[in-house]
Undergrad: 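Can you keep this structure in mind? I'll have questions shortly.
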Amino acid sequence: MLVLSRKKGESIIIQDHIEVTVLAVEGDTVRIGISAPRHIDIFRQEIYASIQEANRESATPLAANVEAFMERLRNSRLKKN
């Protein structure tokens with residue numbers, strides 16, 4: 001992890017296309033602004049983690065669905081014989 005110090009109004013540039021600017025520092029809270037091309041998705045970490053979990057859940061077949069599929073497969077094989 002790269003660690004940088006920036007003051008209010010200062011920025012960092014990431015790969016020529018993304019600019020992160022410190023907008024304000026109030027106590028323990030730092031407000032940042034991010035300028036990036038529209039095709040770049042930007043999420044807070046907790047939102048990104050939630051999206052990833054939802055994607056994993058939707059991609060994981062339910063045991064009941066797998067069992068129902070296997071039953072159909074067995075039945076189709078029996079009908080053919």
Side-chain angles (χ1 to χ4, degrees):
M1 175 188 300
L2 174 65
V3 178
L4 301 170
S5 296
R6 301 280 72 203
K7 295 179 182 176
K8 180 180 174 182
E10 295 180 335
S11 300
I12 62 169
I13 303 296
I14 302 170
Q15 292 191 348
D16 297 327
H17 302 292
I18 302 169
E19 181 176 6
V20 180
T21 305
V22 177
L23 300 177
V25 179
E26 300 167 1
D28 289 343
T29 302
V30 177
R31 295 188 68 208
I32 60 172
I34 303 169
S35 296
R38 287 202 175 280
H39 70 276
I40 302 289
D41 293 328
I42 301 171
F43 301 102
R44 296 189 332 241
Q45 186 277 331
E46 62 274 16
I47 299 298
Y48 184 76
S50 177
I51 291 168
Q52 293 300 312
E53 179 62 25
N55 287 343
R56 276 190 295 279
E57 287 175 4
S58 67
T60 303
L62 296 175
N65 291 345
V66 172
E67 185 56 39
F69 173 74
M70 293 304 292
E71 185 63 29
R72 281 188 191 166
L73 188 58
R74 281 186 220 113
N75 289 338
S76 71
R77 285 184 181 170
L78 290 174
K79 288 178 184 178
K80 287 182 181 179
N81 293 333

Undergrad: Are Leu2 and Val20 joined in one hydrophobic group, where the rule is that I, L, V, M, F, W and Y side chains link up if heavy atoms are under 4.5 Å apart?
TA: yes
Undergrad: Return the CD1 to CD distance between Ile51 and Glu53, rounded to the nearest 0.5 Å.
TA: 12.0 Å
Undergrad: Apply side chain to side chain contact (heavy atoms under 4.5 Å, CB included) to the pair Arg6 and Val22, showing each step before the final yes or no.
TA: CA-CA 7 Å; Arg6 301 280 72 203; Val22 177; 3.7 Å; yes
Undergrad: Of the non-hydrogen atoms in Ile18 and Ala36, which two are nearest, and what is the gap between them?
TA: CG1-CB, 4.0 Å
Undergrad: Mind checking the OG-CG spacing from Ser11 to Leu4? Nearest 0.5 Å is all I need.
TA: 11.5 Å
Undergrad: Same cluster or not: Tyr48 versus Ile40, using hydrophobic residues (I, L, V, M, F, W, Y) connected whenever any side-chain heavy atoms lie under 4.5 Å apart?
TA: no
Undergrad: Report the C-alpha distance between Arg74 and Glu67 in whole Å, list the side-chain angles of each, state the deciding distance to 0.1 Å, and finish with yes or no for salt bridge (Lys or Arg N to Asp or Glu O under 4.0 Å).
TA: CA-CA 10 Å; Arg74 281 186 220 113; Glu67 185 56 39; 3.7 Å; yes
Undergrad: Is the count of non-hydrogen atoms from other residues, nucleotides or ligands lying under 6.0 Å from Arg44 atom CZ greater than 12?
TA: no
Undergrad: If you group Ile, Leu, Val, Met, Phe, Trp and Tyr by side-chain heavy-atom gaps below 4.5 Å, do Leu23 and Ile42 land in one group?
TA: no
Undergrad: Any side-chain heavy atom of Thr21 sitting closer than 4.5 Å to one from Ile32?
TA: no
Undergrad: If two hydrophobic side chains count as joined below 4.5 Å and joins carry through other members, does Ile34 share a cluster with Phe43?
TA: no
Undergrad: Quick one: CD1 on Ile47 to CD on Gln52, what's the gap to the nearest 0.5 Å?
TA: 12.5 Å
Undergrad: Might you point out which heavy atoms bring Pro37 and His17 nearest each other, and give the distance in Å?
TA: CD-O, 3.3 Å
